[in-house]
**Student:** 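Dropping the structure in here first, questions after.
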Protein chains: 2
Amino acid sequence: MSQRNIAVPDQAADLDPGKMEACTVLEVINRVSGKWAIGILLEATRGPVRFTELERSVEGISRRMLTLTLRNLERDGLLKRTVYPTVPPKVEYEATPMAKELYGSLTGLVGWAERYREAITEARKTYDGHTAC
Amino acid sequence: MSQRNIAVPDQAADLDPGKMEACTVLEVINRVSGKWAIGILLEATRGPVRFTELERSVEGISRRMLTLTLRNLERDGLLKRTVYPTVPPKVEYEATPMAKELYGSLTGLVGWAERYREAITEARKTYDGHTAC
DNA sequence: CGGTATCCTTGACGATACTG
DNA sequence: CAGTATCGTCAAGGATACCG
């Protein structure tokens with residue numbers, strides 16, 4: 001394997017709040033339908049959830065991505081974050097009314113995905129079969 | 001700006017068909033709600049569309065991403081691709097019945113994004129205001 | 001017209017370690 | 001418990017050029 005030496009910038013952007021100023025319809029959709037947002041929003045719409053509960057229920061998410069996604073959703077006014085100053089600390093997240101209006105479309109999407117997951121897997125096999133060989 | 005010399009692999013993966021074997025619900029959702037897929041699916045559900053029409057109507061998409069996204073949607077059985085062997089060539093894409101069942105959720109998502117785009121922009125300003133200073 | 005090929009940058013994300 | 005900080009990887013996707 002050959003390789004090249006290239007220059008890389010020192011700092012990455014990540015999902016750092018402070019970005020995404022434009023806020024087009026496309027950006028809103030991507031924020032809301034992003035890799036982890038759907039799972040979080042679904043949970044937070046059913047009722048208040050704690051950080052650790054989300055970490056368990058949103059399959060495969062890392063602590064870091066959970067934090068980042070939660071912050072972004074909070075920033076966009078989709079989640080309300082409530083801190084209880086107890087020991088140990090307790091933080092609850094709940095969907096705002098605006099976010100709750102998304103519930104129907106989101107469950108529609110998930111339901112569809114569940115119904116057709118098998119069919120899609122098959123379609124891929126067929127496609128790959130008659131193009132590869 | 002400082003920089004480091006690092007080794008990079010020669011070939012990228014891109015959205016190259018042949019990847020994504022697992023096909024979980026999460027993957028299906030991300031495929032279908034991805035950056036460009038929604039716009040394409042919406043157009044292709046209303047009726048057959050040509051490559052160049054999509055290039056114009058899906059705001060901001062590059063020729064490359066249009067091709068890649070179309071191929072992936074076709075592979076997953078969401079689009080039917082029809083080639084008319086004329087001069088000049090003509091290719092039409094149309095949503096399959098399975099994809100058409102997504103229309104409701106997709107327009108729901110887009111409608112919501114349009115309704116709340118302003119509110120979200122405001123929420124961001126507020127959030128950034130009371131956290132930054 | 002409807003694509004491919006190649007090259008490059010940047011941002012999404014995981015791993016790991018540490019903290020009030 | 002609920003995070004933050006730092007580092008590294010890799011895939012998404014833009015730019016550009018070329019093709020049947």
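Lettering of chains follows the sequences in order, A, B, ..., and the numbering in each one begins at 1. All values reported here derive from a predicted model rather than from experimental measurement.
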**Student:** Is there side-chain contact between A:Phe51 and A:Lys90, with at least one heavy-atom pair below 4.5 Å?
**Tutor:**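 They are not in side-chain contact.
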**Student:** Out of D:dC1, D:dA2, C:dG14, which has the shortest distance to the side chain of A:Arg81?
**Tutor:**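 Nearest nucleotide to the side chain: D:dA2.
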**Student:** Starting at atom CG of B:Leu66, determine the distance to atom P of C:dA5, rounded to an integer number of angstrom.
**Tutor:**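 It works out to 16 Å between those atoms.
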**Student:** Is it true that B:Glu27 and A:Arg117 make a salt bridge, defined as a side-chain N closer than 4.0 Å to a carboxylate O?
**Tutor:**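 Not counted as a salt bridge, because no side-chain N and carboxylate O are separated by less than 4.0 Å.
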**Student:** Between D:dC1, D:dG14, D:dA5, which nucleotide gets closest to the side-chain atoms of A:Arg64?
**Tutor:**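 Of the candidates, D:dA5 comes closest.
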**Student:** Which of these nucleotides, C:dC1, D:dA2, D:dG13, is closest to any side-chain atom of B:Trp36?
**Tutor:**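 Of all the options, the side chain of B:Trp36 is nearest to D:dG13.
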**Student:** Kindly indicate, with the supporting measurements, whether the criterion salt bridge (charged side-chain N to carboxylate O under 4.0 Å, His left out) is fulfilled by A:Arg50 and A:Glu53.
**Tutor:** CA-CA 5 Å; A:Arg50 303 182 58 174; A:Glu53 289 175 340; 5.8 Å; no
**Student:** Quickly work out the A:Leu68 CG to D:dT6 C1' distance and round it to whole Å.
**Tutor:**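 In whole Å, D:dT6 C1' lies 13 Å from A:Leu68 CG.
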**Student:** Taking CD from B:Glu27 and P from C:dC13, how many angstroms apart are they, rounded to a whole number?
**Tutor:**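 One finds 13 Å between P of C:dC13 and CD of B:Glu27, rounded.
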**Student:** Rounded to whole angstroms, how far apart are CZ on A:Arg63 and P on D:dC1?
**Tutor:**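 So the CZ-P distance, A:Arg63 to D:dC1, works out to 9 Å.
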**Student:** Would you indicate what A:Arg50 reaches in the nucleic acid, counting non-hydrogen atoms under 4.0 angstrom: base, sugar-phosphate, or nothing?
**Tutor:**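 It contacts sugar-phosphate atoms only.
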**Student:** Choose from D:dG14, C:dC13, C:dG2 the nucleotide whose nearest atom is closest to any side-chain atom of A:Met65.
**Tutor:**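 Side chain of A:Met65 sits closest to C:dC13.
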**Student:** Can you tell me the distance, in whole Å, between the CZ atom of A:Phe51 and the P atom of C:dG20?
**Tutor:**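 Distance, rounded to whole Å: 17 Å.
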**Student:** Just N and O in the side chain of B:Thr52: are any of them under 4.0 Å from OP1 or OP2 of C:dG2?
**Tutor:**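 Yes, within the criterion.
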**Student:** Between the main-chain N or O of B:Leu66 and the side-chain N or O of B:Thr69, is there a donor-acceptor pair closer than 3.5 Å?
**Tutor:**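 Checked: no pair found.
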**Student:** Does A:Pro89 or A:Gly60 map to a spot on DNA chain C nearer the 5' end, using the closest nucleotide for each?
**Tutor:**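 Nearer the 5' end of the strand: A:Gly60.
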**Student:** Measure CD1/A:Ile40 against P/D:dA2 and give the value in whole Å, please.
**Tutor:**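 Atom-to-atom, A:Ile40 to D:dA2, this comes out as 14 Å.
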**Student:** Name the nucleic acid region contacted by B:Tyr84, choosing base, sugar-phosphate or nothing; use a 4.0 angstrom heavy-atom cut-off, strictly under.
**Tutor:**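 B:Tyr84: no heavy atom of the nucleic acid under 4.0 Å.
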**Student:** State whether B:Arg71 places a side-chain N or O below 4.0 Å from either non-bridging phosphate oxygen (OP1 or OP2) of C:dT4.
**Tutor:**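 Yes, such a contact exists.
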**Student:** Nearest to the side chain of A:Val91, heavy atoms from C-beta on, is which of D:dA2, C:dC1, C:dG3?
**Tutor:**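 It is D:dA2.
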**Student:** Taking only side-chain nitrogens and oxygens of B:Ser62, does any of them come within less than 4.0 Å of OP1 or OP2 of D:dG14?
**Tutor:**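 Yes, such a contact exists.
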**Student:** Roughly how many Å is it from OH in A:Tyr93 to P in D:dC1, rounded to a whole number?
**Tutor:**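 Rounding to the nearest Å, OH of A:Tyr93 and P of D:dC1 are 14 Å apart.
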**Student:** Between A:Thr45 and A:Glu43, is there a side-chain heavy-atom distance shorter than 4.5 Å?
**Tutor:**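 They are not in contact (no side-chain heavy atoms under 4.5 Å apart), so the answer is no.
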**Student:** Given atom CD of B:Glu55 and atom P of C:dC1, what is their separation to the nearest angstrom?
**Tutor:**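 Value for this atom pair: 9 Å.
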